[in-house]
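First up is the structure itself, then whatever we jot down about it.
These values consider heavy atoms only, across backbone and side chains, with no hydrogens, waters or symmetry-generated copies. Every chain is numbered from 1 and lettered A, B, ... according to where its sequence line falls, protein lines coming before strand lines.
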Amino acid sequence: MDKLVIYNTLTRKKELFKPIHPGAVGMYVCGPTVYGEAHLGHARPAITFDMLFRYLKHIGYKVRYVRNITDVGHLVDDADEGEDKIERRAKVEQLEPMEVVQIYTNSYRGNMARLNNLPPSIEPTASGHIIEQVEAVKKILEAGYGYESNGSVYFDVERFSKDHHYGKLSGRKVEDLYSNTRELDGQSEKRSSMDFALWKKATPEHIMRWPSPWSDGYPGWHMECTAMSTKYLGERFDIHGGGMDLLFPHHEAEIAQSVACTGHESVNYWMHNNLITINGQKMGKSLGNFITLNELFGGKHDLLEKAYSPMTIRFFILQAHYRSPLDFSNEALQAAEKGMERLMKAIEVLGNLPVSAESTVDVAALKQKCYEAMNDDLNSPILIAHLFDGVKMINSINDGKEKISAEDLTALQQLYHEFAFDILGLQSEEQAAAGGGEETMTHVVDLLLNLRIEAKKNKDWATADKIRNELSALGFEIKDTKDGFSWELKK
RNA sequence: GGUCGGUUGGCCGAGUGGCUAGGCAGCGGUCUGCAAAACCGCGUACGGCGGUUCGAAUCCGCCACCGACCUCCA
């Protein structure tokens, strides 16, 4: 519990993790904007921080994990300033904006569940916290770091940077920002191009709007995280996570807002996962090169050679370190699929290994290495490598080449249960697909395969092959084993 | 242009100043009526050029290439 080291973007160093309140951790992660289906890129922070959530709990912390749902406030692009993403989508589909929000929130949650991500402790929505956001804007105005302009309120970066360090998280210099910020439409309201909106006045056709002291409008792009993290985790909390693409300006703005509101920073450890690329380029909505999770699960996309199960996706993501870029390819996904299958088979074998009086294998050392990997900034690829070393160990024991004591076997079983299932959040495909009245079919298939064994005993190869071939044609994969058979249904 | 990060064997992807990462594919073997699967074994890579060092893929410098952010984005 006292050895976890995590990489802090703020200091660009690995630091020993020490919570503010002993034994308890507050963690906030930027969630999705629910105006479209979740794609592969969304899976990465969700899985990364799910692993962190699971590990923190495993090593004994009480954790409050907050992940927001952004359902208001983001602009589509500078061409249609004033119209937010939710609303634009709503017009296209002729739905109420909140109906769109509901559809994609449900879809996101469903996808996350299939990836075996635990639900966060709290999933607050931006639209449900307008009052908190308005209050935060008021505080920033009182502190003198904001100004009203034509019904909108902006954060005064120049004023702020006189008292505080704006750009400390992303390593940017205010002088550079002056020259590098692109000219946007409607910037005349702002004193400086680098100022960002805290509250935006709604145009007449803008449906999503709320009253405020300044105008009927909606909160600025970075306010929700500041308001909601403070509400549920306090003015100071331990971990704030999100994708690297949010580092600037989103998280930089959050820091500025927090400091402006409370006089101090709120986050001790900033963690950022790297992005998933496709052909070396970031996968993103704006680039249009994304593959949705539903497309992956169903194999319905031009770039997909086949369907990939949620667990394959999870394993694929965990096989890379969260701070490294990860490139999508069919080959890599298929490698992950096979690898995970091998791991899961070994865990099955682990369930009934022969026991000996003495062990010739070192389970304690393996366990030690597994903890070291996780404690070193959640190094899941190294953890998985150790688990594969253990696979070799398990198979050798099964082959009689190594021996294990009853005590060690229990420890080894516990180790796999904890690291593979509890911490990495993996599941066997059977577990994942569990449910759904397939019991009868199982019995029928077993019956046929038992008949096949009879036929084989009688050297009636014609019947034996017929049963296997016809089952294969129906999508069953039949394998002969030493003492019988095994089968699975390939979709 | 500015800031940050990366370049590892056929592919994915770790790590380290000298000692086997791991997975997938491939090759060889075991098993098997055939097949498939499974299991075992094998492969010696770190962008280029200099420098530091007894020794560098690992540290330093320069160069090349790639990417992210600088505008909503996981």
Tell me which residues in residues 313-321 of chain A put a heavy atom below 4.0 Å from RNA chain B, sorted by number, or none.
A:Gln319, A:Ala320, A:His321
Under 6.0 Å between ring centres, would you say that holds for A:Tyr371 and A:Phe419?
yes
Go through B:A35, B:C4, B:G23 for me and flag the one nearest to the A:Arg12 side chain.
B:C4
Nearest to the A:Asp465 side chain among B:C40, B:G33, B:A38, which nucleotide is it?
B:G33
Among B:C39, B:A14, B:A68, the one nearest any side-chain atom of A:Ser324 is B:A14
Answer with base, sugar-phosphate or nothing: what part of the nucleic acid does A:Leu387 contact at a heavy-atom distance below 4.0 Å?
nothing
Work out how far the C1' atom of B:A56 is from that of B:U8, and round it to whole angstrom.
14 Å
P spacing across the pair B:C42 / B:A21, given as an integer number of angstrom
13 Å
Sort out the partner of B:A64 for me: Watson-Crick or G-U wobble, both distances under 3.5 Å, none otherwise.
B:U7
Distance in angstrom units between A:Lys173 NZ and B:U3 C1', rounded
8 Å
Measure NZ/A:Lys338 against P/B:C11 and give the value in whole Å, please.
18 Å
Nucleotide B:C39, atom C1' - distance to CD1 of A:Ile397 in whole Å:
14 Å
For B:G15, which nucleotide in any strand shown is its Watson-Crick or wobble partner with both distances under 3.5 Å?
none
Nearest-Å distance for atom pair CD/C1', residues A:Glu254 and B:A74
14 Å
Please report, rounded to the nearest Å, how far the P atom of B:U3 is from the CE atom of A:Met194.
17 Å
Please report the distance separating the P of B:G51 from the corresponding atom of B:U58, rounded so that it comes out in whole Å.
14 Å
Within the 4.0 Å heavy-atom criterion, would you say A:Leu275 contacts the bases, only the backbone, or no part of the nucleic acid?
base
Distance check needed: B:G5 C1' versus A:Tyr322 OH, whole Å only.
14 Å
Which label fits A:His251 and A:His272: parallel for a plane angle under 30°, tilted from 30 to 60°, or perpendicular past 60°?
tilted
Give me the distance, rounded to whole Å, that separates B:C4 from B:G18 when you measure between the P atoms they each carry.
29 Å
Please tell me whether A:Ser170 and A:Glu252 have a donor and an acceptor in their side chains that are separated by less than 3.5 angstrom.
yes
Is it the case that the ring center of A:His39 lies less than 6.0 angstrom away from the ring center of A:Phe328?
no
OP1 or OP2 of B:C39 versus the side-chain N and O atoms of A:Arg342: is any pair under 4.0 Å?
yes
Is A:Asn458 atom CG crowded by more than 12 heavy atoms from other residues, nucleotides or ligands, each under 6.0 Å away?
yes
P atom, B:A57 versus B:A38: distance in rounded Å?
38 Å
Write down the distance separating the C1' atoms in B:G28 and B:C63, rounded off to the nearest Å.
44 Å
For atom NZ of A:Lys369 and atom C1' of B:G15, their distance in whole Å:
14 Å
Identify which nucleotide among B:C72, B:C39, B:A74 has an atom closest to any side-chain atom of A:Trp221, counting heavy atoms from C-beta outward.
B:C72
When the distance from CZ of A:Arg172 to C1' of B:G2 is rounded to whole Å, what number comes out?
8 Å
Remember a base hit wins even if backbone is also touched, and classify A:Met340 as base, sugar-phosphate or nothing at under 4.0 Å, heavy atoms.
nothing
Rounding to the closest angstrom, what is the interatomic distance between B:C66 and B:G48 at atom C1'?
15 Å
Indicate whether the side chain of A:Tyr55 and that of A:Asn375 have a donor and an acceptor atom separated by less than 3.5 Å.
yes
Relative to the 5' end of RNA chain B, which residue comes earlier, A:Gly284 or A:Thr277, by the nucleotide with the nearest heavy atom?
A:Thr277
Salt bridge A:Glu337-A:Lys306, side-chain N to carboxylate O under 4.0 Å:
yes
Respond yes when some side-chain nitrogen or oxygen of A:Asn395 is under 4.0 Å from OP1 or OP2 of B:C39, and no when none is.
yes
Any idea which of B:A35, B:A38, B:G33 is nearest the A:Arg468 side chain?
B:A35
Tell which nucleotide pairs with B:A56, taking only Watson-Crick or G-U wobble pairs whose two distances are both under 3.5 angstrom.
none
Of the listed nucleotides B:G23, B:G33, B:A74, the one nearest the side chain of A:Lys282:
B:A74
At under 4.0 Å between heavy atoms, what does A:Ser170 touch on the DNA or RNA strands: base, sugar-phosphate, or nothing?
sugar-phosphate
Selected nucleotide, minimal atom distance to A:Met244 side chain, candidates B:A68, B:G23, B:A74:
B:A68
Between B:G33 and B:U44, how far apart are the two P atoms, rounded to whole Å?
36 Å
Residue-phosphate contact under 4.0 Å: A:Asn398 side-chain N/O, B:C39 OP1/OP2:
no
Does the side chain of A:Asp327 come under 3.5 Å of the side chain of A:Ser329 through a donor N or O and an acceptor N or O?
no
Reckon A:Gly41 touches a base, only the sugar-phosphate, or nothing at all at heavy-atom distances under 4.0 Å?
base
Strictly by Watson-Crick or wobble contacts shorter than 3.5 Å, is anything paired with B:G26, and which nucleotide is it?
B:C42
Parallel, tilted or perpendicular for A:Phe196 and A:Tyr166, by the 30°/60° rule?
parallel
Taking pairing as Watson-Crick or G-U wobble with both contacts under 3.5 Å, can you name the mate of B:C69, or confirm there isn't one?
B:G2
Counting any heavy atom closer than 4.0 Å, what does A:Lys392 reach on the DNA or RNA strands: base, sugar-phosphate only, or nothing?
sugar-phosphate
Face-to-face stacking of A:Phe388 with B:G23, centres under 5.5 angstrom, angle under 30°:
no
Hey, what do you get for CG (A:Asp156) to CE (A:Met194), rounding to the nearest 0.5 Å?
8.5 Å
A:Lys285, nearest nucleotide to its side chain (from B:A74, B:A68, B:G23)
B:A74
Determine, for A:Asp389 against A:Lys392, whether the closest basic-nitrogen to carboxylate-oxygen distance falls under 4.0 angstrom.
no
State whether A:Asn379 places a side-chain N or O below 4.0 Å from either non-bridging phosphate oxygen (OP1 or OP2) of B:G15.
yes
Closest-nucleotide 5' rank along RNA chain B - winner of A:Ala385 and A:Gly280:
A:Ala385
